[in-house]
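So the structure is just underneath, and the comments pick up after that.
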Amino acid sequence: MSPNSATASDTTACCVFHVLARDAGSAEIAAAEAFEAGANGLEERAGVRGAECILVIYAPEPDVERVRRAVARGKGVESVGTAERCATVDWSTAWSSGLVPIVVSEELVVRPSCAPIALAPGQGELEIDPGLAFGTGGHESTRLALDLLAALPRALRRGATVLDVGTGSGVLALAALRLGAGRAIGFDLDAVAVGVAQENARRNGLAATVSLFAGSLDAVTARRFDVILANLLKREILPLAPALARHVGPGSQLLLSGLLQEDETEVLARFAPFGLHRCGARVLLDASGTTWLGLALSSGNDPLTR
Ligand code: SAH
């Protein structure tokens, strides 16, 4: 399937939702079901999380719930996100954005470049185009990480040093900078993602304050960061626990996302021997009934502000 499978050639008001499929085969079947049920556009982001595939599916508003139900019945479909209205989609370019604006807080909106939104007074924005990288802002795990970040006390965010583990499109590192951080480092095992993140940094005028590289946590030489973000799957986070803990200092916050609610006990038990404990948490239910979890850990017990 090509990344651009949009079929409609007109400009139509419509809805968009995200689907997480276990593998490429399941994604193919889900895509076929979606078109059968009335979808008129689809973008696939393959291989962004191991074998899993993210589909971004568009459908006219009157048909979108039927399309979501059809997709949800598919074998290997792990979650189906809630549908959101997109104002107007030009199908000749929609595949390259595939997104709707996300209002993170009164301070920040994350949006694709093709979807301008009126900002509230004092609100900043971040333009993110994911290309082939994961990290639109729309996935539940990214939203949770953004929410935990925005909930940090302003004093902690201001001038903070930030480490973004598995940066994808760069969305979290760049959001941290927009929310007041002074300097960010982001890296990803996927070199394509890093190219996308660099482009997003330039697009937002943040290239001078973020360092992005393809590689692993071993390559990070700086010892301590004020905020460490890791939106990864549980099986990716657990082995990194000792190395992540080395970058946490007194007063630092380690924000973990990409977890499911049932992972909480196991994840906390893995970090406890390093003196890191839960100081905040957020959950988000997706349309399939899966509850995603974001956790804030620190060596103290200062709670998040909200
Ligand atoms: N931070 C983005 C992307 C999260 S998806 C967001 O919040 O939306 C997870 C990303 O982590 C993928 O791009 C994947 O390639 C990368 N990744 C997975 N394990 C990693 C590891 N051990 N080190 C660095 N990157 C990793």
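All residue numbers refer to positions in the sequence shown, counting from 1. Every number for a ligand or one of its atoms is a count from 1 in the order of the listing.
In terms of N/O distances under 3.5 Å, ligand 1 is not approached by D190. Taking distance alone, with nitrogen or oxygen atoms compared against 3.5 Å, S216 stays at or beyond that limit from ligand 1. For S169, no nitrogen or oxygen atom sits less than 3.5 Å from a nitrogen or oxygen atom of ligand 1, counting backbone and side chain alike. Distances between N or O atoms of G166 and those of ligand 1 include at least one value under 3.5 Å.
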Please output the side-chain donor-acceptor pairs of residues 115-122 that fall under 3.5 Å, not counting sequence neighbours, one pair per line with the distance.
none

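R202 places no side-chain N or O within 3.5 Å of a backbone atom of A207 that could act as its donor or acceptor partner. The closest donor-acceptor contact from the side chain of R66 to the backbone of A37 lies under 3.5 Å.
For the pair R143 and L284, the minimum side-chain heavy-atom distance is below 4.5 Å.
Cluster annotation: L293 and L268 are assigned to the same hydrophobic cluster (Ile/Leu/Val/Met/Phe/Trp/Tyr, side-chain heavy-atom contacts under 4.5 Å, transitive).
Every atom of ligand 1 is numbered from 1 in the order shown, and the set under 4.0 Å from a heavy atom of T142 is 6 (C), 7 (O), 8 (O). Interface atoms of ligand 1 facing V171, defined by a heavy-atom separation under 4.0 Å, are 6 (C), 8 (O).
The two atoms that bring S299 and G251 nearest to each other are OG-N, 4.3 Å, heavy atoms only.
Of the candidates T167, N231, L240, it is N231 that places a heavy atom closest to atom 7 (O) of ligand 1. Nearest residue to atom 24 (C) of ligand 1 from L217, V194, L189 is L189 (criterion: closest heavy atom). Checking I128, I237, D188, V110 against atom 13 (O) of ligand 1, the nearest heavy atom belongs to D188.
Residues satisfying the ring-ring contact (aromatic ring centres under 6.0 Å, His included) test with F17, not counting sequence neighbours, are none.
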